[in-house]
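This report refers to the structure that appears directly beneath it.
All values derive from a computational prediction rather than experimental measurement. For the single chain, residues carry numbers from 1 onward in sequence order.
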Amino acid sequence: MPGERAARWDLLLTGGDLLDPGGGRRGPHDVAVRDGRIAAVAPRLPRDGAAEVVDLGGRLVTPGLVDLHTHVYAGATYWGIDPDPVAWRSGVTTWVDAGSAGAYSFPAFAAAAAGYRVRVPALLNISTVGLVARVGEARDLANCDVELAVATVRAYRDSIVGIKVRMDRHNIGTHGLTPLRRAVAAAEAADLPVMVHIGAAPPSIGELLPLLRPGDIITHCASGIAAGPAGFDPAAKDAYQAGIVFDLGHGSGGFAFDVLEAQLAAGMPPHVVSTDLHARSLHGPVFDLPTTMAKALAVGMSLEQVVAAATIGPARALGLPAGVGTLAVGGPADLAVFTVEHGRFELSDVHGQRRTAPLRLVNEATYRAGRPLPPRLSPPPPPWIPLTDAQRAALADRDRAVRRLLTTPLVGPDGLTEQFPRDGG
């Protein structure tokens, strides 16, 4: 109406307990949003300055989570999933695709990623064929084309943030360190980091590490498959101290509680906590990033450490755009809202070892560019993914719960849509 003062902000989130390690903020803060970006953060902001006010009293507010290791080339690879049906219920707003596409398919991957509601930076696979099959992308060295990888990076510089190579016997065959050497050569030419998947030898971790540079990333850093007698290869500590980034990269075979405990005892907490979420880990043992974060809590990492390793840690490791992984004024308004549940929560690694977490984060809302992500049904698992009867029953329960939300949303007095119960595990 004429004479009415225009709202200063589009959205004001009030009364939340803010945990923003990248911004150095902890405690009660309000967050104001305008045009999809953080407009103000302070212990108290005026309510009459916002077009919409949401009360988050009693809830934990973090930057939108950044998952450094995912596979989201859905419908085109063995491993790919659609991130949107998981993002809205997990708090993850930035999904780094870890090498699903190589040079041959990256144009199609980029087009698919542009259609997601979440942000999807990507690591380019050094193998031109990417992860179309379950394993074996580097068994033919002709696929590890350095010049073509560099040309692809230059053509998609806004999307590609690193080079990926899977270094285990299932993927490289008899080629030893050559695929890694080619990945490092491409990364050096493009001024990007390399992410190295470690697994079943050969080659051993001790053989791989000398080829890496400060800022390069070891994923599955607490892999029981790749661990030595001490819980990890002795060369790993030297690499850690030299600036190699250690990424948890849980996955369906890359995380062992006892290995992570040995690394923590050696003063080597992971720099990044990520899921390696894909079609074979989505329904267990990973489920989502908050569940993986709870597993890090279960072995003694603090909540502040774990949130940092799932926000600012991965953002810095890959040089993501300013504001990603934190709630800096002027940065994207990507936020996650959680209820913190205290208790005893039993969790499993990929080998069946179990530990108990003292708390877990249950996501209640996920904001991407200042707008809440709506509930989404997940598509059925592809036919090549084996599921147990218990997993199928859990999927059916989730499907029914999400359908209820889609037809009759339950909106509480604080304006938040009630979520369905999370999976255990």
Side-chain angles (χ1 to χ4, degrees), residues 68-71 79 96 98-100 123 125-127 131 134-139 144 162-184 187 193-264 266 268-278 280-281 285-286 292 309 314 317 349-351:
L68 185 77
H69 190 154
T70 70
H71 293 283
W79 304 96
V96 181
S100 295
L123 304 170
N125 203 308
I126 189 58
S127 170
L131 301 183
R134 186 173 64 86
V135 295
E137 67 274 7
R139 287 179 183 171
C144 300
I163 304 294
K164 173 71 179 295
V165 60
R166 294 201 296 178
M167 291 297 295
D168 64 54
R169 66 172 180 261
H170 304 297
N171 295 299
I172 64 172
T174 60
H175 297 309
L177 298 174
T178 301
L180 176 56
R181 288 194 174 99
R182 294 190 183 185
V184 171
V194 169
M195 175 187 278
V196 183
H197 154 118
I198 58 173
S204 69
I205 301 173
E207 292 173 307
L208 297 171
L209 291 175
L211 299 183
L212 301 184
R213 309 156 300 160
D216 287 339
I217 302 163
I218 284 282
T219 192
H220 313 310
C221 69
S223 167
I225 296 172
F232 57 92
D233 191 292
K237 187 161 189 177
D238 292 337
Y240 188 96
Q241 294 173 338
I244 305 301
V245 176
F246 278 49
D247 167 42
L248 197 66
H250 189 311
S252 54
F255 170 64
F257 275 126
D258 57 342
V259 177
L260 181 57
E261 287 166 337
Q263 291 175 347
L264 292 174
M268 299 164 55
H271 301 97
V272 177
V273 171
S274 75
T275 60
D276 185 17
L277 201 62
H278 53 65
R280 290 195 68 151
S281 66
V286 175
T292 303
D349 67 10
V350 304
H351 306 287

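A 4.5 Å side-chain heavy-atom check between P270 and L264 finds at least one atom pair inside the cut-off.
Minimum interatomic distance between V350 and G251 (heavy atoms only, all atoms of both residues): CG1-O, 3.5 Å. Residues G215 and V245 come closest through the heavy atom pair O-CG2, 4.1 Å. Closest heavy-atom contact between L212 and V196: CD2-CG2, 3.6 Å. Here the shortest heavy-atom pairing between T292 and T275 reads OG1-CG2, 3.7 Å. Closest non-hydrogen pair, F255 versus L260, comes out as CE1-CD2, 3.7 Å. Of all heavy-atom pairs between L131 and G99, the closest is CG-O, 3.4 Å.
Formation of a donor-acceptor pair under 3.5 Å by the K164 side chain with backbone atoms of L123 is not found in this model. Here the side chain of S274 pairs a donor or acceptor atom with the backbone of G249 at under 3.5 angstrom.
Residues satisfying the salt bridge (Lys or Arg N to Asp or Glu O under 4.0 Å) test with D276, not counting sequence neighbours, are none. Partners of I225 by side-chain contact (heavy atoms from CB on, under 4.5 Å), not counting sequence neighbours, listed by chain and number: A200, S223, H351. Residues meeting the side-chain contact (heavy atoms from CB on, under 4.5 Å) test with A309, sequence neighbours left out: V273. Residues passing the side-chain hydrogen bond (donor to acceptor under 3.5 Å, both in side chains) test with S204, sequence neighbours excluded: E207. Listed by chain and residue number, H71, H220 satisfy the ring-ring contact (aromatic ring centres under 6.0 Å, His included) test with H69 (two or more places apart in sequence, or in another chain). Scored by the ring-ring contact (aromatic ring centres under 6.0 Å, His included) test, H271 finds Y240 as partners (sequence neighbours excluded). Contacts of N125 classified as side-chain hydrogen bond (donor to acceptor under 3.5 Å, both in side chains), with partners at least two apart in sequence or in another chain: none. Considering only residues two or more places apart in sequence or on other chains, P179 meets the side-chain contact (heavy atoms from CB on, under 4.5 Å) condition with A138, L141, C144, V165, M167, I172, H175. Not a single salt bridge (Lys or Arg N to Asp or Glu O under 4.0 Å) links R139 to another residue, sequence neighbours left out.
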- Task: Go through the steps to decide whether L209 and I218 satisfy the test side chain to side chain contact (heavy atoms under 4.5 Å, CB included), and finish with yes or no.
- Result: CA-CA 9 Å; L209 291 175; I218 284 282; 3.9 Å; yes
- Item | side chain to side chain contact (heavy atoms under 4.5 Å, CB included) between Q263 and C221, worked out | CA-CA 9 Å; Q263 291 175 347; C221 69; 4.0 Å; yes
- Query: For L68 and I217, what are the C-alpha separation, side-chain angles and deciding distance, and is it a side chain to side chain contact (heavy atoms under 4.5 Å, CB included)?
  - Reply: CA-CA 10 Å; L68 185 77; I217 302 163; 4.3 Å; yes
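Note that the CG atom of L208 and the CD1 atom of I244 stand 11.0 Å from one another [nearest 0.5 Å].
The stretch residues 166-179 participates, sequence neighbours left out, in these salt bridge (charged side-chain N to carboxylate O under 4.0 Å, His left out) pairs: E137-R166.
By the 30° and 60° cut-offs, the orientation of the rings of H278 relative to W79 is perpendicular.
Crowding of R213 atom CZ: a count of heavy atoms from other residues, nucleotides or ligands under 6.0 Å exceeding 12.
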